[in-house]
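We're numbering straight along the sequence, starting at 1.
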Amino acid sequence: MRRKMAAGNWKMNGTAEALGEVDTLLAAHPAPSCDVLICPPATLLHRLSDRLQGSAVRAGGQDCHAAETGAHTGDVSAAMLKDAGATHVILGHSERRSDHGEADDTVRAKAEAAIGADLVAIVCVGETEAQRDAGETLGVISAQLKGSIPDGATGETLVVAYEPVWAIGTGRTPTLDQIAEVHDAIRAELSERFGAETADAVRLLYGGSVKPANAEEIFGVSNVDGALVGGASLKADDFGGIIAALDAS
């Protein structure tokens, strides 16, 4: 059985004061039945990791460079994230793809580096509104999966997050049928490439305006193993509500 996951992506939000929300979350959910991950800005990663010692919650990075070391001012390597206490790293998020021009081959190289550093790679895929309206969603997702996921990925090294670009931070979400269609297609794509046993072990997260009010119904959808949560992960009450919904699913 795939263990469910609630992953919080703080994006470019939070200073040391925000770690108080983590204390509140830990107190309210000391023993969740799902995996819980918080990915803060890199400036908070080490302090967060220290804060989480002895708890069931893990810390992750929001991005890494494909190279292990080098003249890459402002970048962070997978080994550095690992050294700071990370267990996972988000890669290929649509904001990285759009803001920084990251193509599938770049995401793939980063995923290879992450796995090589003993991190779990959370590879993000998702279509734009124009691609959805043009009926191109499944083709776009398929191409991103083929180009972004490295050979040899397993259920222990890879998580896939489906985040329709038009639903991120907008308050809009796809219908449950639309989510199911994409998640089922992702599972089938992974099965074709890696075999059914490996594909069945890879967790598929949904992301895009997930909040306590809609979490329960989303977690009831076929092949949804949890959520990659943006804004709602910044507040303990909101993220806690999503964790509770996932625990109950």
Taken to the nearest 0.5 Å, the spacing of Leu25 CG from Leu19 CG works out to 12.0 Å
Is there side-chain contact between Ile186 and Asn223, with at least one heavy-atom pair below 4.5 Å?
no
Closest non-hydrogen atoms of Ser249 and Phe219, given as atom of the first, atom of the second and distance, are CB-CB, 3.8 Å
Kindly determine whether Thr128 and Val140 satisfy side-chain contact (heavy atoms from CB on, under 4.5 Å), including the steps that lead there. CA-CA 9 Å; Thr128 65; Val140 168; over 6 Å; no
inquiry  = More than 12 heavy atoms of other residues, nucleotides or ligands under 6.0 Å from CD of Gln131: yes or no?
reply    = yes
Can you check whether Leu204's main-chain N or O pairs, donor with acceptor, with Asp225's side chain at less than 3.5 Å? yes
Check your understanding: Just wondering, do Val159 and Val123 contact through their side chains at under 4.5 Å, heavy atoms?
Key -> no
Distance col, row Ile38:CD1 vs Asn9:CG, nearest 0.5 angstrom, shows 11.5 Å
ask   = Are Cys124 and Leu228 side-chain neighbours, meaning at least one heavy-atom pair lies under 4.5 Å?
value = yes
Is it true that a side-chain atom of Asp50 and a backbone atom of Arg47 form a donor plus acceptor pair closer than 3.5 Å? no
Here the pair of heavy atoms bringing Pro164 nearest to Gly207 is CD-O, 3.4 Å
Handout entry: Side chain proximity check, Ser94 to Ile168, heavy atoms < 4.5 angstrom
Key = yes
Residues Pro32 and Ile243: closest non-hydrogen pair is CB-CG2, 4.1 Å
*asked:* Main chain of Cys34, side chain of Asp247: is a donor-acceptor contact present, judged purely on distance under 3.5 Å?
replied: yes
Going through the checks in order, is the side-chain contact (heavy atoms from CB on, under 4.5 Å) test met by Leu119 and His88? CA-CA 5 Å; Leu119 295 174; His88 297 64; over 6 Å; no
Q: Start with the C-alpha distance between Val160 and Leu145, add both sets of side-chain angles, then the distance that settles side-chain contact (heavy atoms from CB on, under 4.5 Å), and finish with yes or no.
A: CA-CA 9 Å; Val160 176; Leu145 292 170; 4.0 Å; yes
### Task
Could you verify whether a donor N or O on one side chain and an acceptor N or O on the other, from Glu127 and Trp166, lie under 3.5 Å apart?
yes
So NZ of Lys211 and CD1 of Ile218: to nearest 0.5 Å the spacing works out to 7.5 Å
Has the side chain of Thr198 got a donor or acceptor atom that lies under 3.5 Å from a matching backbone atom of Gly195?
-> no
- Item | Any side-chain heavy-atom pair of Leu37 and Ile122 under 4.5 Å | yes
task = Check whether the side chains of Glu163 and His93 place a donor and an acceptor atom closer than 3.5 Å, and report yes or no.
result = yes
Going through the distances and angles, do Thr137 and Ile141 end up as a side-chain contact (heavy atoms from CB on, under 4.5 Å)? CA-CA 6 Å; Thr137 296; Ile141 300 301; 4.2 Å; yes
Salt bridge (charged side-chain N to carboxylate O under 4.0 Å, His left out) with Asp35: of Arg2, Arg3, Arg58, only one passes, and it is Arg3
*Donor-acceptor contact below 3.5 Å, side chain Trp10 vs main chain Gly230*: no
Is it the case that Glu21 and Thr24 place a side-chain donor and acceptor less than 3.5 Å from each other? no
Would you check if Val76 and Asp63 make a side-chain contact, meaning some heavy-atom pair closer than 4.5 Å? no
Please examine the side chains of Phe194 and Val202, heavy atoms only from C-beta on, and report whether any two atoms are closer than 4.5 Å. no
From the list Lys146, Lys110, Arg97, Arg96, salt bridge (charged side-chain N to carboxylate O under 4.0 Å, His left out) with Asp104 holds only for Arg97
Interatomic distance, CG@Asp184 vs CD@Glu181, rounded to 0.5 Å, equals 8.5 Å
Residues Leu91 and Ala114: closest non-hydrogen pair is CD1-CB, 4.1 Å
Under 4.5 Å between side-chain heavy atoms, hopping through other hydrophobics if needed: is there a path connecting Leu81 to Leu158? yes
Note: Pro150 and Ile115 closest approach over all heavy atoms is CG-CD1, 3.9 Å
Mark yes when over 12 heavy atoms from residues, nucleotides or ligands other than Glu136 sit less than 6.0 Å from its CD; otherwise mark no. yes
Taking Ser55 for its side chain and Leu52 for its backbone only, find out whether a donor-acceptor pair lies under 3.5 Å.
yes
For residues Val229 and Val57: do they belong to one hydrophobic cluster (side chain heavy atoms under 4.5 Å, members Ile, Leu, Val, Met, Phe, Trp, Tyr)? yes
* Asked: Is Leu205 reachable from Val182 through a run of I, L, V, M, F, W or Y residues, each pair having side-chain heavy atoms under 4.5 Å apart?
  -> no
**Common cluster, Val120/Leu246, ILVMFWY with side-chain heavy-atom separation under 4.5 Å** = no
Between Thr157 (side chain only) and Thr154 (backbone N and O only), is there a donor and an acceptor less than 3.5 Å apart?
yes
One should read off an interatomic distance between Lys82 NZ and Leu45 CG, to the nearest 0.5 angstrom, of 11.5 Å
Review point. Using 30° and 60° as the class limits, which term best fits the ring planes of His183 and Tyr162: parallel, tilted or perpendicular?
Key: perpendicular
**Asked** Would Glu189 and Ser142 count as having a side-chain donor-acceptor pair, cut-off 3.5 Å?
**Response** yes
Arg172 vs Ser209 side-chain heavy atoms within contact, under 4.5 Å:
no
Under 4.5 Å between side-chain heavy atoms, hopping through other hydrophobics if needed: is there a path connecting Tyr206 to Val36? yes
Taking every heavy atom of His65 against every heavy atom of His72, the minimum-distance pair comes out as NE2-ND1, 3.3 Å
Rounded to the nearest 0.5 Å, the NE2 atom of His46 sits from the CG atom of Leu48 at a distance of 11.0 Å
